[in-house]
**Q** 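I am attaching a structure below and will ask some questions about it afterwards.
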Protein chains: 2
Amino acid sequence: MTTTSPQGRTELLRADGSPVRVLVVDDESSITELLSLALRYEGWRIQSAGDGQGALQAAREFRPDVVVLDMMLPDMDGLSVLGRLRRELPDVPVLFLTAKDAVEDRIAGLTAGGDDYVTKPFSLEEVVARLRGLIRRAGAADRRSDSTLVVGDLSLDEDSHEVWRSGDSIHLTATEFELLRFLMRNPRRVLSKAQILDRVWSYDFGGQANVVELYISYLRRKIDAGREPMIHTRRGAGYLIKPAA
Amino acid sequence: MTTTSPQGRTELLRADGSPVRVLVVDDESSITELLSLALRYEGWRIQSAGDGQGALQAAREFRPDVVVLDMMLPDMDGLSVLGRLRRELPDVPVLFLTAKDAVEDRIAGLTAGGDDYVTKPFSLEEVVARLRGLIRRAGAADRRSDSTLVVGDLSLDEDSHEVWRSGDSIHLTATEFELLRFLMRNPRRVLSKAQILDRVWSYDFGGQANVVELYISYLRRKIDAGREPMIHTRRGAGYLIKPAA
DNA sequence: CCTGTTTCTCAGACAAATCACAGACTCGCG
DNA sequence: CGCGAGTCTGTGATTTGTCTGAGAAACAGG
């Protein structure tokens, strides 16, 4: 079920209207804190655990709708935590966090059952988007919710990663896509460069802040080229996207 | 929840009608005093602390709804204060104060959870506006708070930074926008040039006092041009804004 | 490995915003 | 009706913020 708040942000809720419950399992507290913060901001209820034991206990007591699970835990290995979690919560989807160099096919096997994964370091937009996808797919009962964002004559499909502007298909790179998704999830709202950097780039990005300007420039070439512009600069404040008028 | 006082000032209150509670953490007492004064004037309850220890104690005892936190504290670094604050007050949004040149450094991830920041030196209007935004969004789950100021046929949206006068969109620069916001938050009330300077310009502004006249002049061109004027001069006293009719 | 793509840094070009200054204007008072 | 304090606004110097081209580095897919 989705509902739209007065600000125009779309919230994902459970069938009974209560907030979605997410269990975050990672031994680095900076990661659980970052995720708790960001996911809470989505309007979800968060519980976190730092090891396998804590995860299992939380699973029993908190009854989450979805789990974020780091595959590197101190007390027991990811796979056995996963197995026990499954016994406790058979139908709950899992979003795996893995190191970039982790064996890909191993993960691929795990995600076969409708789970998903992201590699560290991740961007918050990425994690939020994947979680929304998992929740959406798990709530098979009402599958009305769809995966397309629309602002004016611009639409973006989160599943197929396709973007269209008034009938024309537009190819975007991964970063361009995430930036546009973030803008479109917050239409008519000014987003500062710092906010954009925090959500769209990975948490360990240490580069120049003007990558944001650069990617805005790329997006404009592809989306606004020769049309009524939808991406606008608010000097000294940030950027916003809105229908062409 | 918002309520409008007889004077026409809009006050932000908590769900139970009690005043909003703000914790201000900064080691420079000139800053905490300046902020306490200004925020008290908003009708909020203020507590201040000069170091990390004090901040944590105040967090436990005062239970603020929002925290203003300088990232440069004497006893412990901003990040660890932040971490401990979060453990104590998980859902309380934070407004960070940072030095202008430190912006680059490690603001990374700080605005991720819907938090916000302002750079020193700041203007009081800016701080108040951001705090109002944080409070509004933190309680936005059910309450229908919106981000638009309206005076007569003039409206100003704090999220999109858009200004409209009877259907026409008006583009304002950052300073013009803040000045107009201050006027519109105090409709039908005479504001002296000194008050305006203190609120809209940063606290270390050292320039000529007639910038206020200059910016009033800019605003009139954009807002009152060819219409019934809404901005009025009270010779020897200051300026005020009121509906044209 | 090699090749095309993507990400990102750097630096210069450009545009907009801010503000000082000074002269023009206006209101209210004698 | 003339004067002066107070206010308004044109001009332009300076600062600040944004955009974008060129190319280096990292990466992905044969």
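First the proteins, then the strands, lettered A, B, ... as listed; each starts at 1.
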**Q** If I take atom CZ in residue A:F205 and atom C1' in nucleotide D:dA26, what distance separates them, rounded to the nearest angstrom?
**A**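 Rounded to the whole Å, the gap is 13 Å.
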**Q** Would you say A:H232 places a side-chain N or O within less than 4.0 Å of OP1 or OP2 belonging to D:dT18?
**A**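 Negative; the distance criterion is not met.
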**Q** Check whether any side-chain nitrogen or oxygen of B:W201 sits under 4.0 Å from OP1 or OP2 of C:dT18, and answer yes or no.
**A**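 Negative; the distance criterion is not met.
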**Q** Is any side-chain nitrogen or oxygen of B:R220 closer than 4.0 Å to OP1 or OP2 of D:dT7?
**A**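 No, outside the criterion.
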**Q** Once you round it to whole Å, what is the distance between P of D:dT9 and NZ of B:K222?
**A**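 Rounding to the nearest Å, NZ of B:K222 and P of D:dT9 are 14 Å apart.
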**Q** Would you indicate which nucleotide in D:dC8, C:dT18, D:dC19 comes nearest to any side-chain atom of B:E213?
**A**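 Selected nucleotide: D:dC8.
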**Q** Return the orientation label for the A:Y218 and A:Y215 ring planes: parallel under 30°, perpendicular over 60°, tilted otherwise.
**A**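 The rings of A:Y218 and A:Y215 stand perpendicular, inter-plane angle above 60°.
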**Q** Over how many whole Å does the gap from B:R221 atom CZ to D:dT11 atom C1' extend?
**A**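 B:R221 atom CZ is separated from D:dT11 atom C1' by 11 Å.
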**Q** Nearest-Å distance, CG (A:D224) to P (D:dT18)?
**A**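 It works out to 17 Å between those atoms.
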**Q** Check the distance between C:dC19's P and B:I196's CD1 and give it to me in whole angstrom.
**A**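 From B:I196 CD1 to C:dC19 P: 14 Å.
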**Q** So what does A:I216 touch, heavy atoms closer than 4.0 Å: a base, only the sugar-phosphate, or nothing?
**A**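 Here A:I216 touches no strand at all.
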**Q** Under 4.0 Å between a side-chain N/O of A:T175 and OP1 or OP2 of C:dT6, yes or no?
**A**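 For A:T175, the contact criterion (side-chain N or O under 4.0 Å from OP1 or OP2 of C:dT6) is not met.
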**Q** Taking the minimum atom-to-atom distance to the side chain of B:Y215, which one of C:dT7, D:dT7, C:dC19 wins?
**A**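 Closest of the options to the side chain of B:Y215: C:dC19.
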**Q** Could you check A:Y218 against A:L214 and say which one's nearest nucleotide on DNA chain D is further toward the 5' end?
**A**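 Residue closer to the 5' terminus by nearest nucleotide: A:L214.
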**Q** Let me know the distance between CZ of A:R234 and P of D:dC19, rounded to the nearest Å.
**A**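 In whole Å, D:dC19 P lies 12 Å from A:R234 CZ.
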**Q** Name the closest nucleotide to the B:S217 side chain, picking from D:dT9, C:dC21, D:dT7.
**A**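 For B:S217, the side-chain atoms sit closest to D:dT9.
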**Q** Nearest whole Å is fine: how far is C:dA16 C1' from B:E176 CD?
**A**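 Answer to the nearest Å: 11 Å.
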**Q** Please tell me if A:K193 has a side-chain N or O lying less than 4.0 Å from either OP1 or OP2 of D:dG17.
**A**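 No, no such contact exists.
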**Q** Looking at every strand, decide which applies to B:Q208 at a 4.0 Å heavy-atom threshold: base, sugar-phosphate, or nothing.
**A**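 It contacts sugar-phosphate atoms only.
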**Q** Applying the ring-ring contact (aromatic ring centres under 6.0 Å, His included) criterion to A:F122, which one of A:F96, A:Y203, A:Y117 satisfies it?
**A**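 Between A:F122 and the candidates, ring-ring contact (aromatic ring centres under 6.0 Å, His included) is satisfied uniquely by A:Y203.
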**Q** Taking atom types as they are modelled, would you say the side chain of B:R235 forms a donor-acceptor pair with the base of C:dT26 within the 3.5 Å cutoff?
**A**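 For B:R235, whose side chain was compared with the base of C:dT26, there is a donor-acceptor pair (under 3.5 Å).
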**Q** With no hydrogens and no angle check, do the side chains of B:T32 and B:D26 hold a donor and an acceptor under 3.5 Å apart?
**A**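 Checked: B:T32/B:D26 side chains show no N/O donor-acceptor pair below 3.5 Å.
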**Q** Rounded to the nearest angstrom, tell me the gap between atom CG in B:L179 and atom C1' in C:dC19.
**A**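 In whole Å, C:dC19 C1' lies 15 Å from B:L179 CG.
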**Q** Counting the atoms with a prime plus P, OP1 and OP2 as sugar-phosphate, which does A:Y239 contact under 4.0 Å by heavy atoms, base, sugar-phosphate, or nothing?
**A**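 Sugar-phosphate contact only.
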**Q** From the list D:dT20, C:dC8, C:dA20, which nucleotide is the closest neighbour of the side chain of A:N210?
**A**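 The nucleotide sitting nearest to the side chain is D:dT20.
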**Q** With the threshold set at 4.0 Å, does a side-chain nitrogen-carboxylate oxygen contact exist between A:R188 and B:D157?
**A**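 Not counted as a salt bridge, because no side-chain N and carboxylate O are separated by less than 4.0 Å.
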**Q** Indicate whether any N or O donor in one side chain lies under 3.5 Å from an N or O acceptor in the other, for A:S147 and A:R137.
**A**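 Not at all, the side chains of A:S147 and A:R137 share no donor-acceptor pair under 3.5 Å.
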**Q** So, does B:T173 get its side chain near the phosphate of C:dA16, meaning an N or O under 4.0 Å from OP1 or OP2?
**A**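 B:T173 to C:dA16 OP1/OP2: no side-chain N or O under 4.0 Å.
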**Q** Does A:R130 pair with A:E158 as a salt bridge, N-O distance under 4.0 Å?
**A**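 Judged by the 4.0 Å cut-off on N to carboxylate O distance, A:R130 and A:E158 do not form a salt bridge.
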